[in-house]
Visitor: 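Sharing a structure, written as structure tokens. Questions coming.
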Amino acid sequence: MTKNPRRRKRSLIALGVVGALVAGVAFVLRTPSPVGHWNSADGFDDYRSKYDAAMRDLPAPTAVRDIRTDFGLVRLYRYDGAKRGLHPLVLLPGTSSGTPVWADNLKSLLEITEVYAIDLLGEPGMSIQDKPITSDEDKADWLDQTLAALPEKRFNLLGLSIGGWTAMNLAVRRPDRIATVTTLDAPFVYDGLPLKTVIRSIPATVKWLPRSWRDSFNSYTAGGAPVEHVPVADMIEAGMKNYTLRQPQPHRITESQLGALPMPVLAIIAGRSVMHDPPKARSTAERALRTKTVVLYPDASHAINGEYPDRIAGDLKTFLEAHDHS
């Protein structure tokens, strides 16, 4: 597949921060505030302007909703797509990346079915947390309440990085609305986070350090690729500087939980990921998942969605047509 350099660079930066920053480092450096919050009105304004600029790389949504949950307002975008008799896709981004991270993927995903894109609650984005999220149960609750507010009864979840963990956490605890789950190089699902990655993430969580420290970490997660300033990168930078996260570290999904899932799961694993040990993650997924639907992209880094958008869409389409039974 021919890779678009501009698209690749945009997504490399977008995904450079999405895995390791949820490893507990930000939690250790937390403030006493009980919820994720913007540190100032000016900081939010700065972020909002860059979020809006990054959103211009996506098609215009059909509808925009802010859904009330017990933990805050969840921003959701609806995009009309192909009518194939499949349940809608629900896109869950990595941490600090928000809906604009799907810029390279949305066009091909809309050829499969209709799409909802969600900004994770308690993260930089347009969702607004107003009650503490203190457990994995809470994280499942807000997402389940969001899906319950939609007109459809069941959904196909597609989660990128920590969004993959978020999808699997819901599948383990609240499976009734889920037709299938697809994870894109999800940490804390098939393997734990490597200590080296945790250590290297520390400078990227310190707001007052120069951007070059974060760029270095971003390049590390993206397989050593160079990064540069682009709209999504500017948005993420503004979020990292101006937003304080207040969520506990995700707990690893256990192998027994994976084996007990009632719905089909597609695990797409990056062969050059630094968010887990790829051979170990692949082995766990192949051993535990009932449907044995595991795909390794040998040359992909954790920036997999920007590197292989067409291949992902093709694998997802094949999977859904085989397993999404309305």
Side-chain angles (χ1 to χ4, degrees), residues 1 3 7-8 11-12 14-16 18-19 86-87 89-95 97 101-113 115 117 155-171 178-193 221-223 250 252-253 255 258 261 263-324:
M1 185 194 75
K3 300 173 185 175
R7 178 178 66 192
R8 174 181 168 83
S11 296
L12 291 179
L15 290 180
V18 299
L86 300 173
H87 295 100
L89 273 173
V90 176
L91 308 184
L92 301 169
T95 191
S97 54
V101 79
W102 300 106
D104 297 332
N105 306 94
L106 198 52
K107 180 179 178 181
S108 56
L109 295 178
L110 289 173
E111 294 173 0
I112 301 173
T113 188
V115 169
F155 304 88
N156 295 302
L157 305 188
L158 173 60
L160 170 65
S161 187
I162 202 61
W165 177 89
T166 303
M168 293 295 272
N169 182 59
L170 180 66
I178 305 175
T180 71
V181 176
T182 298
T183 60
L184 295 179
D185 207 50
F188 304 110
V189 176
Y190 311 109
D191 189 24
L193 200 68
T221 65
R252 166 86 182 273
I253 305 293
E255 195 166 329
L258 291 172
L261 289 171
M263 75 290 294
V265 175
L266 171 62
I268 298 179
I269 296 170
R272 298 172 60 217
S273 178
V274 296
M275 297 305 167
H276 45 214
D277 179 272
K280 183 177 179 182
R282 180 184 186 182
S283 177
T284 299
E286 289 177 339
R287 185 170 57 249
L289 295 177
R290 228 175 4 93
T291 48
K292 309 302 179 187
T293 40
V294 182
V295 183
L296 178 73
Y297 291 14
D299 296 326
S301 74
H302 191 59
I304 188 170
N305 78 305
E307 294 169 340
Y308 294 97
D310 297 332
R311 182 176 174 185
I312 289 169
D315 286 339
L316 179 63
K317 180 174 180 289
T318 299
F319 171 71
L320 293 182
E321 289 178 347
H323 296 283
D324 176 20

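Computed from a prediction, not measured in an experiment: that's the story for all the values here. Along the sequence shown, residues carry numbers from 1.
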Visitor: Shortest non-hydrogen contact from N105 to S108?
Guide: O-OG, 3.1 Å
Visitor: I'd like to know whether NZ of K292 has more than 12 heavy-atom contacts from other residues, nucleotides or ligands below 6.0 angstrom.
Guide: yes
Visitor: In Å, rounded to the nearest 0.5 Å, how long is the span from CD of E286 to OG1 of T291?
Guide: 11.5 Å
Visitor: Please check if the side chain of E307 supplies one atom and the backbone of S301 the other of a donor-acceptor pair under 3.5 Å.
Guide: yes
Visitor: If you apply the rule side chain to side chain contact (heavy atoms under 4.5 Å, CB included), what do you find for V265 with M168, and how did you get there?
Guide: CA-CA 9 Å; V265 175; M168 293 295 272; 4.1 Å; yes
Visitor: To the nearest 0.5 angstrom, please state how far the OG1 atom of T166 sits from the CG atom of L157.
Guide: 10.0 Å
Visitor: Are the side chains of P250 and I162 in contact, using a 4.5 Å heavy-atom criterion?
Guide: yes
Visitor: To the nearest 0.5 Å, how far apart are CG in L109 and CG in L91?
Guide: 6.0 Å
Visitor: Given 3.5 Å as the limit, does a donor-acceptor pair link the side chain of D324 with the main chain of L86, or not?
Guide: no
Visitor: Of all the heavy-atom pairs spanning I269 and A285, show the shortest one and how long it is.
Guide: CD1-CB, 4.5 Å
Visitor: Main chain of P279, side chain of S283: is a donor-acceptor contact present, judged purely on distance under 3.5 Å?
Guide: no
Visitor: Indicate whether any N or O donor in one side chain lies under 3.5 Å from an N or O acceptor in the other, for H302 and D185.
Guide: yes
Visitor: What's the separation between atom CG in L92 and atom OG1 in T183, rounded to the nearest 0.5 Å?
Guide: 11.5 Å
Visitor: Any sub-3.5 Å donor-acceptor pair from N156's side-chain atoms to L316's backbone N or O?
Guide: no
Visitor: Counting N and O atoms only, with roles assigned by atom type, does the side chain of K317 sit under 3.5 Å from a partner on the main chain of I312, one being a donor and the other an acceptor?
Guide: no
Visitor: Rounded to the nearest 0.5 Å, how far apart are CZ of R311 and CG of N305?
Guide: 14.0 Å
Visitor: Of all heavy-atom pairs between M263 and A179, which one has the smallest distance, and what is that distance?
Guide: CB-O, 3.4 Å
Visitor: Can you name the nearest heavy-atom pair linking D104 to P309, along with the distance?
Guide: O-CB, 3.4 Å
Visitor: Are any of the side-chain heavy atoms of L89 and L110 separated by less than 4.5 Å?
Guide: no
Visitor: Determine, stepwise, if the pair L266 / T180 fulfils side chain to side chain contact (heavy atoms under 4.5 Å, CB included).
Guide: CA-CA 8 Å; L266 171 62; T180 71; over 6 Å; no
Visitor: Once you round to the nearest 0.5 Å, how far does OG1 of T284 lie from NE2 of H276?
Guide: 10.0 Å
Visitor: Looking only at heavy atoms, what is the nearest atom pair of V181 and A171, with distance?
Guide: CG2-CB, 4.0 Å
Visitor: Of all heavy-atom pairs between G94 and S161, which one has the smallest distance, and what is that distance?
Guide: CA-CB, 4.3 Å
Visitor: We want to know whether Y308 and D315 form a side-chain donor-acceptor pair, criterion being a heavy-atom distance below 3.5 angstrom.
Guide: no
Visitor: Okay, side chain of R252, backbone of Y190: is any donor-acceptor separation there less than 3.5 Å?
Guide: yes
Visitor: Answer yes or no: is there a side-chain heavy-atom contact under 4.5 Å between L184 and L158?
Guide: yes
